[in-house]
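Worksheet: one structure, shown below.
Numbers restart at 1 for each chain; the letters A, B, ... are given by sequence-line order, proteins then strands.
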Protein chains: 2
Amino acid sequence: MTVKAPEETRLSILKAAFEEIHKIGFRGASLNHIVENAGISKGALFHHFADKQALGYAVVDELIFPEFKRKFVEPMETGNPIDRIKEILHKQFEMCCGDPEMMEKGCPLNNLAQEMSFTDSGFRERINDIYEIWRHALSKAFERGIQNNQIKSTQNPEEIGAFIVATFAGLIGASKCACDTDLTKQITNQLINYLESLKL
Amino acid sequence: MTVKAPEETRLSILKAAFEEIHKIGFRGASLNHIVENAGISKGALFHHFADKQALGYAVVDELIFPEFKRKFVEPMETGNPIDRIKEILHKQFEMCCGDPEMMEKGCPLNNLAQEMSFTDSGFRERINDIYEIWRHALSKAFERGIQNNQIKSTQNPEEIGAFIVATFAGLIGASKCACDTDLTKQITNQLINYLESLKL
DNA sequence: CAATATACATACCGGTCGGTATGTGTCAAG
DNA sequence: CTTGACACATACCGACCGGTATGTATATTG
């Protein structure tokens with residue numbers, strides 16, 4: 001039996017790194033802050049991760065991606081796509097209202113995408129892969145909706161998926177900058193408006 | 001007559017700062033790089049700007065805001081709002097295709113919004129003011145459209161404005177991350193789809 | 001029981017950061 | 001002709017950055 005499980009240490013570093021990156025971005029994130037908040041030493045950090053970049057990639061792969069999948073991708077696998085998206089929007093809105101800081105910090109994935117895409121293709125590709133998975137899941141869901149006579153057959157499922165992902169990112173981003181749940185509500189209303197227009 | 005006009009120096013600093021911030025963000029931006037690219041000294045920079053923050057604010061106020069106003073706000077002041085937005089989207093798409101790096105760097109305003117909003121309220125308020133001006137211009141344009149029997153009177157102009165601003169930011173952000181003009185086209189198509197659904 | 005590998009902690013490193021102190025040439029005002 | 005304000009340039013500062021070298025306790029293996 002080990003005195004301390006290394007996987008626990010690794011996870012505590014990942015979680016502290018996620019928080020730091022979520023708050024002040026990857027570039028601004030200080031490894032000193034991270035080891036401090038994780039309650040471990042710098043030696044431990046560099047034992048588990050080759051460098052800051054590898055830590056950042058691991059945060060995306062091992063924390064952000066699974067959570068994103070659980071919240072946004074998996075719900076699209078069954079049922080009426082429009083209803084599912086409405087549920088996602090509703091949960092998101094409730095979370096914004098319940099925890100204003102969550103709104104102000106924005107979407108961890110979109111934050112990283114906008115900050116790092118241009119200068120670090122490793123981040124860009126990882127993040128784009130995640131968005132692509134969501135776009136694909138949405139596309140498949142709307143294809144299903146068309147087959148089930150829930151969605152107008154004249155619509156292009158792929159385009160719809162791309163549009164929803166972009167608009168959702170825009171919604172979270174606008175809320176973050178405005179710090180205003182009224183604005184969030186307005187945008188959400190119009191997104192629902194758009195979704196309704198796709199109904200058969 | 002002065003040997004060199006101070007306003008020219010100031011402007012060259014602002015332009016170099018804008019480029020640096022656009023490429024690697026405000027936090028990542030190095031004042032050393034900026035003075036180097038501006039072809040001046042650090043003394044000149046700190047003669048014209050109190051600190052890095054003041055320089056960043058000046059970039060928003062004096063470079064980004066006027067350009068944003070010219071490209072997005074002023075076109076909304078006359079004519080059919082839907083046509084105007086289509087023109088903006090068309091220009092944006094052409095620019096993405098013509099200069100891929102422009103697409104990869106993303107929107108300077110949205111980049112700053114996502115990077116700085118949470119930790120610097122000065123940035124957040126400035127940027128939100130600019131977006132608010134666009135939202136208001138869009139709202140007024142759609143009000144006008146309703147009065148001119150171009151837009152369905154059942155629609156809420158304010159909500160439409162908020163939605164378009166959010167979706168546009170999402171569009172640019174998605175393009176930046178995906179580096180794919182096909183995706184840009186898909187999202188643009190659906191945004192136009194949405195706009196058409198507002199027509200009377 | 002000795003040897004080795006793992007999982008850290010501590011102390012430290014060169015480099016870059018934002019920012020400052022000080023010197024200097026220019027020019028308008030008195 | 002002097003003075004002082006302006007518009008810089010140069011040299012430098014402490015703080016913090018990401019990263020490393022080294023030491024050590026523990027667990028595993030032969």
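Of the candidates D:dT20, D:dC17, C:dT20, C:dT20 carries the atom nearest the B:F46 side chain, counting heavy atoms from C-beta on. For B:K42, counting side-chain heavy atoms from C-beta on, the closest listed nucleotide (D:dG19, C:dG19, C:dA9) is C:dG19. With distances taken from any side-chain atom of B:A44 to the nucleotides D:dG19, D:dC8, C:dT20, the minimum falls on D:dC8.
Spacing between atom CG of B:L45 and atom P of C:dG19 amounts to 10 Å, rounded to whole angstrom units. When the C1' atom of C:dA7 is taken as reference, atom CZ of A:F49 falls 14 Å away, rounded to whole Å. One interatomic measurement links the two molecules: CG of A:L31 to P of C:dC13, which rounds to 19 Å at whole-angstrom precision. The CD atom of B:Q53 sits 16 Å away from the C1' atom of C:dC17 (whole-angstrom rounding). The distance between atom CG of A:L11 and atom C1' of C:dA7, rounded to the nearest whole Å, is 16 Å. Rounded to whole Å, atom C1' of C:dT20 lies 13 Å from atom CG of B:D51. Here D:dC16 presents its C1' atom at 13 Å from CD of A:E36, a figure rounded to the nearest Å. C:dC8 atom P lies 12 Å from atom CZ of A:R10, rounded to whole Å.
A ring pair (Phe, Tyr, Trp, His ring centres under 6.0 Å) with A:Y57 is found for one member of A:F123, A:F49, A:F26 and no other, namely A:F123.
Contact annotation: A:H47 side-chain N/O to C:dC8 OP1/OP2 distance is not under 4.0 Å. Taking 4.0 angstrom as the limit, B:H48 places a side-chain polar atom (N or O) nearer than this to OP1 or OP2 of D:dC8. Under 4.0 angstrom from either OP1 or OP2 of D:dC16 there lies no side-chain N or O belonging to A:N32. Look at A:S41 and you won't find any side-chain N or O under 4.0 angstrom from OP1 or OP2 of C:dC8. For C:dC8, one of the phosphate oxygens OP1 or OP2 lies less than 4.0 angstrom from a side-chain nitrogen or oxygen of A:T9.
Residues meeting the ring pair (Phe, Tyr, Trp, His ring centres under 6.0 Å) test with B:H48, sequence neighbours left out: none.
Residue contacts for A:A29: at a heavy-atom cut-off of 4.0 Å it reaches the sugar-phosphate backbone alone, with no base atom in range.
With DNA chain D read from its 5' end, the first of the two nearest nucleotides for A:H33 and A:G43 is the one closest to A:H33.
At a cut-off of 3.5 angstrom, counting only N and O atoms as typed in the model, there is no donor on one side facing an acceptor on the other between the side-chain of B:K52 and the base of C:dG19.
In this model, a donor atom of one side chain and an acceptor atom of the other lie less than 3.5 Å apart for B:Q114 and B:N110.
Both tests do not hold together for A:K176 against B:F118: distance to the six-membered ring centre under 6.0 Å, angle to the ring axis within 45°.
In summary, A:K23 and A:E101 do not engage in a salt bridge, as defined by a charged side-chain N under 4.0 Å from a carboxylate O.
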